[in-house]
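What follows is one structure encoded as structure tokens, with my remarks underneath.
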Protein chains: 2
Amino acid sequence: MSGDMKGQTWNQHVVKKENKTLVLQTIKEKAPISRASIAQVTGLNKGTVSSLVSELIDEDFIHESGTGESSGGRRPVMLLLNEKAGFTISVDLGVNKILGVMTDISGNRIMEKEINVDDNSVYNVSDDLFSLIDHLKEQAPSSRYGIIGIGVAVPGVVTTEGEILLAPNLGWKKVQLKDMLYERYKLPIIVENEANAGAYGEFIYGAGQNSKELIYISASIGIGVGLILDGKLYKGLRGFSGEFGHMTIEKDGLACRCGNRGCWELYASENALLEASEQHGLKNHSITDLVTKAEMRDTNALKVFEQIGDYLGVGITNIIHIFNPEQVIIGGSLAEGIPLLLPSIKKRIKQNAIGFNLDDVHLNEANLNKYSVVLGITAFNIENFFRSTVKEVSNGV
Amino acid sequence: MSGDMKGQTWNQHVVKKENKTLVLQTIKEKAPISRASIAQVTGLNKGTVSSLVSELIDEDFIHESGTGESSGGRRPVMLLLNEKAGFTISVDLGVNKILGVMTDISGNRIMEKEINVDDNSVYNVSDDLFSLIDHLKEQAPSSRYGIIGIGVAVPGVVTTEGEILLAPNLGWKKVQLKDMLYERYKLPIIVENEANAGAYGEFIYGAGQNSKELIYISASIGIGVGLILDGKLYKGLRGFSGEFGHMTIEKDGLACRCGNRGCWELYASENALLEASEQHGLKNHSITDLVTKAEMRDTNALKVFEQIGDYLGVGITNIIHIFNPEQVIIGGSLAEGIPLLLPSIKKRIKQNAIGFNLDDVHLNEANLNKYSVVLGITAFNIENFFRSTVKEVSNGV
DNA sequence: TAATCTTTGTTTATTCAGTAGACAAACTTT
DNA sequence: AAAGTTTGTCTACTGAATAAACAAAGATTA
């Protein structure tokens, strides 16, 4: 009816929609909060807030929760997000295991299930994935909005349309996972790259909550990077940004299966760590083994971590130069070794990064641990839900 | 009075402001255009468009320009941007010369002046800069809004507040150029990094007009990069993004004066080109000399361009992997040699870049030539003007 | 304890921008 | 000349925000 191609048109419906979202957002962030405080924080008129709040209550998005402390006058009625108004199902589809969680619309984990996978064929994995989702879905408490969305993170190249073009470590090519899931569940579906999801998870619920410019490094078998720029996930033209694993840090260095040479992930990933440890006489060790050895002051293990940390530092220095970020967060399976890697990472960065950019940046470990990725998916699910639902309900009823 | 900290509040004033801007934008882009067409394109009601248009005419932003062709009914009255409602002064402050242009608010160049500089001290340059601006300012035609803004691009690190922290090739540190200019002219001032300005210039007026994701490489003495992401200039936390010149492409490679090692600009800038040519026995040649020689099939000169192009390709491959851009534009003084560099750049990229990302990207030469940077500044000036003025006038009168 | 002051939240009258639709003007087609 | 189209303006209406009055419920003070 309106809002064509470019530059949406503004009318009072849009105004109401935006203000309602603003009120809801304020409650989400500052709950418990009174109507009066919302008016003060947002700058909206008290009457406007009252009327929007009563709509939100009717729609079960929020509810009152008794009175708060008086500050010298009538005691305020506090408002809370109605966390149990709906639930999400979010899955981290890894190479060796699949982690699925159910959360409420506030992002609290209600239930989770993890299964191991050895056969990575599309057929087998999708079977496992479906039964995992079915299992979570069956046990969802009843609620006004039910399951509000299902999302899956995959270690691969995903288009903005949710098609998996390539997932090398799964051996997948051109898999229409989003369509498959929609076909089966008829619910809003999200399929997203694993590094992007991890970045968003840490941004919304984790170490990056107060940074608008943050770079999340997912260092596992390979390296993927998720970019939060200007407070939004940056995906590039078709969704393929963040292929930092294939950034050349040694011109004409080692040949990568991607066709490039000297790729960062050949020197600084979990794979690189394991290879380096073999070269130092530590064969068939897992990361956990190596961490244990290094903690017991094994010289070879220590050397390996120092070497990998140094290479990580080279790439991170590049990241700092390129983005002038506020925060760089390291996640993925390699994060297990962070305490051992950090000294040499920091040494390299301090030596090599330009002062101005270095001064601005904080280097941190992901603090949601194995949940970074699933919770990113959860955040996508919830955002999607509020964006589409808050408005339609208010117009529709 | 409203619209506090986060999440602006929406009311009818905002609606009008946005719709008015939308109408103006539509006229800028599609002029000459009738009221009826604007209504159709924007989705706004015919009456709304009529009333907004009549305000814009009162404010001299646009004017009617006779009737257009009938399409089977009453002939439309065509609307045009009133290009001469105001003028900008935009300056590209280079190491060897200063280029200043005056443009109208449509970005047409009205006048220009270029001067050479040999003493780069702040004192001397600011003197030259002031007299250059004075000269342009004096000759500005009289107009409703006069000089709407003054902007300067500098080859250095500029904060979001317009302070020049460091301009190594000028030998400047901590120069409050924005304040100095405001003190003198009491007009809206912009001070911006040269690569950022170049990127914006090509984005608005040049080769990148239809790309929302574009990377501009300013290859001169060093390398700077301007990032247009999601249709906006990306500046990072404090404005220091795009320091691609100091991206490591050879770990522990050549030492750079920035403190890092193996920086891209040591291998792929104008400086690198000149050094490489000396190593090939071509001493004291300018780029122009080398281009001439190479065009006459001088083997050494050809080799030099091939080598530098190859290194450029390495960095551009990284850029393609990192951003999944729609377009990469090469500008700066090195662009003079583009026809000679392109073959080896393209060869490297085709060999090394990941297919998905490679398929999306177009590699182009800047097409505004020496005006990329000044016109970027012009675009900033104009945007600033419309953002602040369109609205205040309509509320204020 | 009573009177007064504060804060919270609702209600009412008002303002203002966009919309739909009628209408007039100007043109084309039959 | 009559009928149909397109453009642009005008009028009545709608709906959302606002300011201000008001009611409710508490704190403070004498």
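Chain naming here is simple, since letters A, B, ... match the order of the sequence lines and numbering starts at 1 in each. What you see is a predicted model; the values in this text were computed from it and never measured.
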Treating a pair as Watson-Crick (purine N1 to pyrimidine N3 plus N6-O4 or O6-N4) or G-U wobble (N1-O2 and O6-N3) with both distances under 3.5 Å, list the stems of 3 or more consecutive pairs that involve DNA chain D.
C:1-30 with D:1-30

Distance in angstrom units between [X] [atom1] and [N] [atom2], rounded:
{"X": "B/H13", "N": "C/dT15", "atom1": "NE2", "atom2": "P", "value": "13 Å"}
{"X": "B/Q40", "N": "D/dT7", "atom1": "CD", "atom2": "P", "value": "8 Å"}
{"X": "A/K16", "N": "C/dA17", "atom1": "NZ", "atom2": "C1'", "value": "17 Å"}
{"X": "B/L22", "N": "C/dA17", "atom1": "CG", "atom2": "P", "value": "17 Å"}
{"X": "B/K46", "N": "D/dT5", "atom1": "NZ", "atom2": "P", "value": "14 Å"}
{"X": "B/E55", "N": "C/dG18", "atom1": "CD", "atom2": "C1'", "value": "13 Å"}
{"X": "B/M78", "N": "D/dG8", "atom1": "CE", "atom2": "C1'", "value": "14 Å"}
{"X": "B/L52", "N": "D/dG8", "atom1": "CG", "atom2": "P", "value": "15 Å"}

Residue [X], side-chain atoms from C-beta onward, closest of [options]:
{"X": "A/R75", "options": "D/dG26, C/dT8, C/dT19", "answer": "D/dG26"}
{"X": "B/V15", "options": "D/dA17, C/dT7, C/dG18", "answer": "C/dG18"}
{"X": "A/L44", "options": "D/dG8, D/dT18, D/dT9", "answer": "D/dT18"}

Counting C-beta onward and ignoring hydrogens, is there a side-chain heavy-atom pair between [X] and [Y] closer than 4.5 Å?
{"X": "A/L79", "Y": "A/E64", "value": "yes"}
{"X": "B/N82", "Y": "B/F61", "value": "no"}
{"X": "A/F386", "Y": "A/T21", "value": "no"}
{"X": "A/I89", "Y": "A/K137", "value": "yes"}

With the threshold set at 4.0 Å, does a side-chain nitrogen-carboxylate oxygen contact exist between [X] and [Y]?
{"X": "A/K16", "Y": "A/E55", "result": "yes"}
{"X": "A/K232", "Y": "A/E213", "result": "no"}
{"X": "A/E192", "Y": "A/K178", "result": "no"}
{"X": "A/K20", "Y": "A/E59", "result": "yes"}

Identify, between A/G47 and A/G72, the residue whose nearest nucleotide on DNA chain D lies closer to the 5' end.
A/G47

Decide yes or no, distance alone: a donor-acceptor N/O pair under 3.5 angstrom between the base of D/dT6 and the side-chain of B/R74.
no

Taking atom types as they are modelled, is there a donor-acceptor pair under 3.5 Å from the base of D/dA17 to the side chain of A/N45?
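Per atom types, no contact qualifies.
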
In numerical order, the residues of residues 64-71 of chain B whose heavy atoms come under 4.0 Å of DNA chain D are B/S71

Mind checking if A/V77 touches a base, just sugar-phosphate, or nothing, with heavy atoms under 4.0 Å?
sugar-phosphate

Checking all strands, does A/T48 fall into the base, sugar-phosphate, or nothing category for heavy-atom contacts under 4.0 angstrom?
base

Return the set of residues passing side-chain hydrogen bond (donor to acceptor under 3.5 Å, both in side chains) with A/T67 (not counting sequence neighbours), or none when no residue passes.
A/R75

Suppose we call two aromatic rings close when their centres sit under 6.0 Å apart. Are A/Y234 and A/F323 close by that rule?
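No, the ring centres sit 6.0 Å or more apart.
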
Contact under 4.0 Å: A/N19 side-chain N or O vs D/dA17 OP1/OP2:
yes

